[in-house]
Amino acid sequence: MVRRLTSVSPFTEFRKSCVTILEDALSKTLPRASVLSFMFAVPPSPGFGELSSSICFELAKKIKKTPLELAKQIVKVMNVSPFPLIQSTQAAGGGYINFHADYAELSSMTFKSAQILDTEYGHVKTDEPKSIIVEHTSVNPIHPIHVGHARNPVLGDALARILTAHGHKVSRHYYVDDVGRQSAVIAYGYEKLGKLKPEGKLDHSIGTIYTITSCITEIQRLKRELDQAKESAPAEEVTKLQQELDDWASAAVDLEGRFPQLFNELLGAINKDKNPEHRVNDLVRGYEAGEEEAKQLIREVCQICIEGFRETLDRAEIFLDSWDWESSFAWNGDVARTLDELKKTPYVFRVGDVLEFDAEKVVQDFDLKEKLGLRKGYEVPSLTLMRADGTTLYTTRDIPYSLWKLQRVEKVINVVGMEQKLSQMQLKLTLYALGHRDIAENLIHFAYNLVTLPGYVMSSRRGRYITMDEVMDEAVRRAYEEVTKRSPHLPDEQKRQISDIVGIGAMKYALVEVDPAKPVTFTWDRVLDFEKNSAPYIQYSHARACSILRKASGKPKNPDYSLLTKPKERDTIVMLARFPEVFLDAAKNLRPNTIADFANALADKFNSFYTALRVIGAEPVELGDARLALVDATRIVLRNALNLLGIVAPERM
RNA sequence: GGGCCCGUGGUCUAGCCUGGAUAAGACGCUGGCCUGCGGAGCCGGAAAUCCGGGGUUCAAAUCCCCGCGGGCCCGCCA
């Protein structure tokens, strides 16, 4: 057997050795026992080794022995000598078999691998590289990206980075939702203001114009509806309309107070129109139909807003490869064609002039109930494809877009909030209906839960939201205070550079750290915690590792890894060796938060290590050299882990 | 009414997919550690009916069933 000196995944080498040795031992002890899989667990404490098997609990049932007796018997026939990574095996507890790693071998392999692979250590490549589109962010171009949205770009970007590191060819797409009433409303307001490019941050200005325009037009619309309703409609409906009108009226007061000049300018201009509704509706219809005037106007406003988005995302180092316009699928006829195709299937029915898609029938015909994780009795609601007036709906237009994406790549990951779970499923079902069963299965909805603010109801109606820009500003400002306090000697330029890295890293970490299925409550405390369990804490550990390496004179010359016997050393080594497996799990199962968790845990171990044990000047020199190699490997792993999340690892802070 | 997601020390989170040994970490509280590689740090302490009740299993925070609490969805909005 050739002894391997390096590996893309040192802990996996150890794991494989354990499987082999256990298989051998089992075939000697219980030749007739058939074991399907060898699952190993990480024991609760290092005293139990690095891996353990509970297989004896199962096997003992079939023979007349206790699990512990069997474990002892199996361990007895094990010969670890052909396996350099295994130091020893033992039977323990009620019947576990524990496998202890040889730390000298494991650390040697781990440190060498980290040094040689460097920026690639841990980024284990897939055997089946695929082309993948990650669609993320896709905030409507009518207001800025706010904290409620911010989890999307951060998660999407981390996913894209992880999948790229895994060897896939990833393309990051932004779906610009420019069709529909909202875009027409902002275009209308923009037109009324004389089509001047707004001052200040573009998406923020667009957001304000949109909110005010929408407020004024809604009030006028409701007033008219109310007048009509008073004539004919039941009292109940009148009350409802009145309530809605009151809501908007109070929003108007609020908005006028905050933006008096803009509000009155828009109010004056809109009041000159007899019925703004006509113009807005005209724009909605004209834009979807591809009429030149509407096209120019709406595209122009959207572009302005997107320019602002790009600035925000650039600052967060989140980059997109493609901006896909919803309207282009309407204009090139794809939407109409898709609708025609769908109409030919048995899954579309009419309710009056409205077209409905029978999602439930597709589930039944294609036998998808179990596959989609649906309960037996559950009926998937139908999806409206076309309004009575012939215009389409959002999800309808998403069908040709999804096909377009799926025809270009082998897998599409849509980073979309989980509140859209149903429509994402209906979308997938339309693909089945259209006969694209094969590619439909390549469409993945990466769902995440909402971000909420305590004691602060975000309201797009009132234009009250905390923008991602504000979060970054505040995070960077606080980081600057910290840097100034802690490293007053640094030149200001460097302080600013560091506070950017720290502040933005802190924001990203807070949004990516939590399991996407769980909601995040946004508080400044949470995001800007510069202490434990945060990006700054991990970044600090990285900076300290760099600092030690700077102070040490040169590379380790003659390390003796067998001297790394302290628990604090071993804990760190094992984590470094495990990083590739953690990465693999994150990449295969799309779990970016596990990377954040790992990085934090490694920083914990490393901090304990270097405060307790001296690196530079340790005696003997071979020990100092071995520890130096450990520090360098930690630096590499911390940096590689942070980079997967789009967080920069600073060398000083 | 139906469906999905979440529920773990006072607070926030990991673990749940793939069951396994004393449920891990952080904040807060509390007691220590700066003439030794950067104190954004380290070492200790108190603190948990893993929402409740059944079930499966040698073994349940984890799997199944029934509840409870919170959020979301079921639109000719996006």
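Each chain gets a letter, A, B and so on, in the order its sequence line appears, and its residues count up from 1. Treat the numbers as computed from the prediction; the structure is a model and nothing was measured.
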Rounded distance (Å) that lies between atom [atom2] of [N] and atom [atom1] of [X]:
X: Leu59(A); N: G20(B); atom1: CG; atom2: C1'; result: 14 Å
X: Met653(A); N: G41(B); atom1: CE; atom2: C1'; result: 12 Å
X: Ile548(A); N: C42(B); atom1: CD1; atom2: C1'; result: 13 Å

How is [X] classified with respect to the nucleic acid when contacts are heavy atoms under 4.0 Å: base, sugar-phosphate, or nothing?
X: Asp353(A); value: nothing
X: Ser547(A); value: base
X: Arg375(A); value: sugar-phosphate
X: Ser534(A); value: nothing
X: Tyr378(A); value: sugar-phosphate
X: Leu613(A); value: base
X: Arg550(A); value: nothing
X: Ala517(A); value: sugar-phosphate
X: Thr452(A); value: nothing

Nearest to the side chain of [X], which nucleotide is it out of [options]?
X: Val514(A); options: C42(B), U13(B), C37(B); value: U13(B)
X: Lys518(A); options: C37(B), C76(B), C16(B); value: C16(B)
X: Leu393(A); options: C77(B), C37(B), C6(B); value: C77(B)
X: Arg614(A); options: G75(B), G36(B), C43(B); value: G36(B)
X: Leu422(A); options: C76(B), C74(B), G41(B); value: C74(B)
X: Arg591(A); options: C16(B), G75(B), G38(B); value: C16(B)
X: Pro43(A); options: A40(B), C37(B), A21(B); value: A21(B)
X: Val354(A); options: C76(B), G41(B), A14(B); value: C76(B)
X: Val615(A); options: A40(B), U22(B), C37(B); value: C37(B)
X: Asn600(A); options: G25(B), U22(B), C37(B); value: G25(B)

Worksheet item: Taking the same atom, C1', in C68(B) and in G53(B), what whole-Å distance lies between them?
Response: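 Approximately 10 Å lies between the C1' atom of C68(B) and that of G53(B).
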Worksheet item: Taking the P atom of each, how far is G54(B) from U11(B), in whole Å?
Response: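 Result for the P pair: 25 Å, nearest Å.
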[X] side chain near [N] phosphate (N/O to OP1/OP2, under 4.0 Å):
X: Asn449(A); N: C5(B); answer: no
X: Arg526(A); N: U11(B); answer: no
X: Thr611(A); N: C42(B); answer: no
X: Lys568(A); N: C42(B); answer: no
X: Tyr509(A); N: A26(B); answer: no

Check whether the side chains of [X] and [Y] place a donor and an acceptor atom closer than 3.5 Å, and report yes or no.
X: Asp324(A); Y: His173(A); value: yes
X: Glu288(A); Y: Ser327(A); value: no
X: Ser183(A); Y: Asp178(A); value: no
X: Gln90(A); Y: His100(A); value: yes
X: Asp389(A); Y: Thr391(A); value: yes

Worksheet entry | 4.5 Å side-chain heavy-atom contact, Glu482(A) and Arg478(A) | no
Discussion item. Over 60° means perpendicular and under 30° means parallel, so tell me whether His143(A) and His149(A) are parallel, tilted or perpendicular.
Written reply: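 His143(A) and His149(A): parallel rings.
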Discussion item. Which label fits Tyr175(A) and Tyr401(A): parallel for a plane angle under 30°, tilted from 30 to 60°, or perpendicular past 60°?
Written reply: parallel
Worksheet entry | All pairs passing ring-ring contact (aromatic ring centres under 6.0 Å, His included) where residues 524-548 of chain A contributes a residue, at least two apart |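 Counting only pairs at least two positions apart or across chains, the ring-ring contact (aromatic ring centres under 6.0 Å, His included) contacts touching residues 524-548 of chain A are Phe522(A)-Trp524(A).
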Item to complete: By nearest nucleotide on RNA chain B, pick out whichever of Ser54(A) and Arg397(A) is the more 5' one.
Response: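 Between the two, 5'-proximity favours Ser54(A).
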Worksheet item: Toward the 5' end of RNA chain B, which comes first, Thr392(A) or Ser52(A), by nearest nucleotide?
Response: Ser52(A)
Worksheet item: So, Phe349(A) versus Phe357(A), ring centres under 6.0 angstrom or not?
Response: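 Centroid separation for Phe349(A) and Phe357(A): 6.0 Å or greater.
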Worksheet item: Would Phe583(A) and Phe598(A) count as a close aromatic pair, with their ring centres under 6.0 Å?
Response: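 No, the ring centres sit 6.0 Å or more apart.
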Discussion item. For C43(B), does the O4'-C1'-N9-C4 or O4'-C1'-N1-C2 angle fall within 90° of 0, making it syn, or is it anti?
Written reply: anti
Please determine, for [N], whether a Watson-Crick or G-U wobble partner exists with both distances under 3.5 Å, and give it or none.
N: A47(B); value: none
N: G52(B); value: C66(B)
N: C72(B); value: G3(B)
N: A21(B); value: none

Item to complete: Record whether the side chain of Asn98(A) comes under 3.5 Å of the base of A21(B) through a donor-acceptor pair of N or O atoms.
Response: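 Pair found.
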Worksheet item: Is there aromatic stacking of Tyr540(A) against G41(B), centre distance under 5.5 Å, plane angle under 30°?
Response: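 No; centroid distance or tilt outside limits.
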Anything under 3.5 Å between a protein N or O and an N or O of nucleotides 56-60 of chain B, put it in a table, one pair a line.
none

